[in-house]
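Counting convention: from 1, in listed order, for ligands and their atoms alike. These numbers were taken from a predicted model, which means no experiment stands behind them. As a basis for the values below, the full set of heavy atoms in this structure was taken, side chains included, without hydrogen atoms, waters or symmetry mates.
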Amino acid sequence: MYPTKILVTGGAGFIGVNFVKMLLSEAPDVTVVNFDLLTYAGNLASLEDSMNDPRHIFVHGDICDRKQVCSTLKKYDIDGIINFAAESHVDRSITGPEIFVDTNIKGTLNLLQCARECEVKRFLQVSTDEVYGSLGKEGMFTETSPIAPNSPYSASKASADHMVRAFQHTFGLDTVITRCSNNYGPYQFPEKMVPLCINNARLEKSIPVYGDGLQVRDWLYVEDHCSAIWKVFKSAEPGSLYNIGGCNEMANIDLVKVILSILGKPESLISFVKDRPGHDRRYAIDASKIMKELDWKPSVTFKQGMEKTVKWYIDNLPWLEKITSGEYRKYYDSMYEDREIKG
Ligand code: NAD
Ligand code: TYD
């Protein structure tokens, strides 16, 4: 039997929110303690419909705070941890890498130590395909690809993965790691490409495409990512590692064109801007291991997932408008003012 009293960290962020909602609707035997610091990326408004669920307990907490994590584990008799909490945006890691070390590396180490101390039965680390670095035109990342992170964000996630592995190997803590491709779907903070593009397009604002726009990503619908994590958590062997991908490789420029066409907006909104420093050219993920061993596969095609996603943002404009007023505007101006290519 798998753990049923689960600490979900970062459960007020994009993927965490989707995961918590999935557990509450599909796993009646599970109680979720949602542990989140509510940084700029955490949003309780996304959990409005789950706050009164007796199986969902929200704790405003910091994964770097050992006393607080341990007391929470003890108070709720937690037997499993799923760690989503992180600083997650590559561009922010370029302008300010320190917090990525604090949250992603030291925070994960702290959780691992608390998990050991409180004899937690399973620890799942949510990681990223970005730890493998960048690919050329051919090939895909497998679970045995070398780790070669290129951004401060991916370097911090790779370090955390190494620490998780070390705790399994050295202390026998039961850990599993998942590495997924780019997620898209409801509740994503509009600093990331997909919601930023939807938001700008609906307002008929220009859409900043870095460099030549020919960088390739694999796109994974967030609910499919959540179902994969849940399968891994429930049934993977201790110490195992799984890649999770959507089988949807696409160049950024084509992604933007799909979104514009769903919204019925013109391609003239596309604006090529200065590239991200060290921008990884191509990610592609081989997810055959999880498909074969755990019988997982994505439930939607890219077209279905993106249509659902665009519809969700348009149907939830108050959610989007609340985020994109205030602090977000300052972020947007500071991140994009130097990128504009003046012609
Ligand atoms: P997000 O930025 O939307 O959410 C992160 C959440 O973590 C926020 O709710 C934030 O408040 C919380 N948090 C930050 N610091 C914390 C701390 N010290 N203590 C407690 N909570 C803290 O991120 P996301 O997109 O939901 O990503 C979740 C996880 O998945 C991350 O570990 C990320 O590296 C990984 N991942 C994301 C993607 C993607 O496409 N979004 C792809 C691969 C991997
Ligand atoms: P992003 O959503 O930031 O995810 P990641 O960097 O983790 O892949 O970006 C997805 C791709 O889109 C990436 O190649 C960078 C590119 N991008 C733009 O071209 N313009 C933008 O404004 C942003 C945010 C991203």
Roughly how far, to the nearest 0.5 Å, is NZ of Lys74 from CD of Glu119?
10.5 Å
Under 4.0 Å from a heavy atom of [X]: give me the atoms of ligand 1 that qualify, with their elements.
{"X": "Ser127", "result": "43 (C), 44 (C)"}
{"X": "Gly10", "result": "6 (C), 7 (O), 12 (C)"}
{"X": "Thr128", "result": "43 (C), 44 (C)"}
{"X": "Gly61", "result": "19 (N), 20 (C)"}
{"X": "Cys180", "result": "42 (C), 43 (C), 44 (C)"}
{"X": "Leu38", "result": "11 (O)"}
{"X": "Leu37", "result": "16 (C), 17 (C), 18 (N), 19 (N), 20 (C), 21 (N), 22 (C)"}

Under a 4.5 Å side-chain heavy-atom rule over Ile, Leu, Val, Met, Phe, Trp and Tyr, are Phe171 and Val176 clustered together?
no
Determine, using the 4.5 Å side-chain heavy-atom cutoff (strictly less than), whether Ile78 and Phe233 are members of one ILVMFWY cluster.
no
Consider every N or O of [X] and every N or O of ligand 1, then say whether any pair is closer than 3.5 Å.
{"X": "Ile63", "answer": "yes"}
{"X": "Thr103", "answer": "no"}
{"X": "Ile15", "answer": "yes"}
{"X": "Asn83", "answer": "no"}
{"X": "Phe14", "answer": "yes"}
{"X": "Phe35", "answer": "no"}
{"X": "Lys192", "answer": "no"}
{"X": "Thr39", "answer": "yes"}
{"X": "Tyr153", "answer": "yes"}

Assert yes or no for the condition that the ring centre distance of [X] to [Y] is strictly below 6.0 Å.
{"X": "Trp312", "Y": "Tyr187", "answer": "yes"}
{"X": "Tyr40", "Y": "Phe189", "answer": "yes"}
{"X": "Phe19", "Y": "Phe84", "answer": "yes"}

Under the criterion side-chain hydrogen bond (donor to acceptor under 3.5 Å, both in side chains), which of Glu223, Gln188, His225, Lys192 is the partner of Asn183?
His225
Sole candidate of Thr108, Asn83, Asp62, Asn34 that passes side-chain hydrogen bond (donor to acceptor under 3.5 Å, both in side chains) when paired with Thr9:
Asn83
Any [X] heavy atom less than 4.0 Å from ligand 1:
{"X": "Phe84", "value": "yes"}
{"X": "Gly107", "value": "no"}
{"X": "Tyr40", "value": "no"}
{"X": "Asp36", "value": "yes"}
{"X": "Gly11", "value": "no"}

Would you check if the side chain of His60 reaches a backbone N or O of Leu37 as a donor-acceptor pair within less than 3.5 Å?
yes
So, does Asn18 use its side chain to make a donor-acceptor pair with the main chain of Phe14 at under 3.5 Å?
yes
Region of [X] engaging ligand 1 - heavy atom pairs below 4.0 Å:
{"X": "Lys157", "value": "side chain"}
{"X": "Phe189", "value": "neither"}
{"X": "Leu220", "value": "neither"}

Salt-bridge present ([X], [Y]; N to O < 4.0 Å):
{"X": "Lys303", "Y": "Glu307", "value": "yes"}
{"X": "Asp49", "Y": "Lys21", "value": "yes"}
{"X": "Asp212", "Y": "Arg281", "value": "yes"}
{"X": "Arg276", "Y": "Asp91", "value": "yes"}

Closest heavy-atom pair, Gly246 versus Ser181, reported as atoms and distance to 0.1 Å, is N-OG, 3.8 Å
In short, Arg329 meets Thr324 closest at the heavy-atom pair CG-O, 3.5 Å
Does anything in residues 154-164 form a side chain to side chain donor-acceptor pair (under 3.5 Å)? List the pairs, not counting sequence neighbours.
Asn104-Ser156, Ser127-Asp161, Ser151-Ser154, Asp161-Arg179
Could you tell me, for ligand 2, which of its N or O atoms are under 3.5 Å from any protein N or O, listing the pairs and their distances rounded to 0.1 Å?
unit_1   : atom_1 : unit_2 : atom_2 : d
ligand 2 : 2 (O)  : Met193 : N      : 2.9
ligand 2 : 3 (O)  : Arg276 : NH2    : 3.1
ligand 2 : 4 (O)  : Asn182 : ND2    : 3.3
ligand 2 : 6 (O)  : Arg276 : NH1    : 2.5
ligand 2 : 6 (O)  : Arg276 : NH2    : 3.2
ligand 2 : 7 (O)  : Glu130 : OE2    : 2.5
ligand 2 : 8 (O)  : Asn182 : ND2    : 2.9
ligand 2 : 8 (O)  : Arg217 : NE     : 2.9
ligand 2 : 12 (O) : Asn252 : ND2    : 3.4
ligand 2 : 14 (O) : Arg217 : NH2    : 3.1
ligand 2 : 14 (O) : Asn252 : ND2    : 2.9
ligand 2 : 14 (O) : His279 : NE2    : 2.7
ligand 2 : 19 (O) : Tyr210 : N      : 2.8
ligand 2 : 20 (N) : Pro208 : O      : 2.8
ligand 2 : 22 (O) : Pro208 : O      : 3.4
ligand 2 : 22 (O) : Tyr336 : OH     : 2.6

Among all protein non-hydrogen atoms, which one is nearest to atom 1 (P) of ligand 1, and what is the separation to 0.1 Å?
Ser88 OG, 3.6 Å
Measure the distance from atom 18 (N) of ligand 1 to every protein heavy atom, then report the residue, atom name and distance (to 0.1 Å) of the closest one.
Asp62 OD1, 2.8 Å
Does the plane of the ring in Tyr328 sit parallel, tilted or perpendicular to the ring in Tyr331? Use 30° and 60° as the thresholds.
tilted
Give me the ring orientation class for Tyr184 and Trp219: parallel if the planes are under 30° apart, tilted from 30 to 60°, perpendicular past 60°.
perpendicular
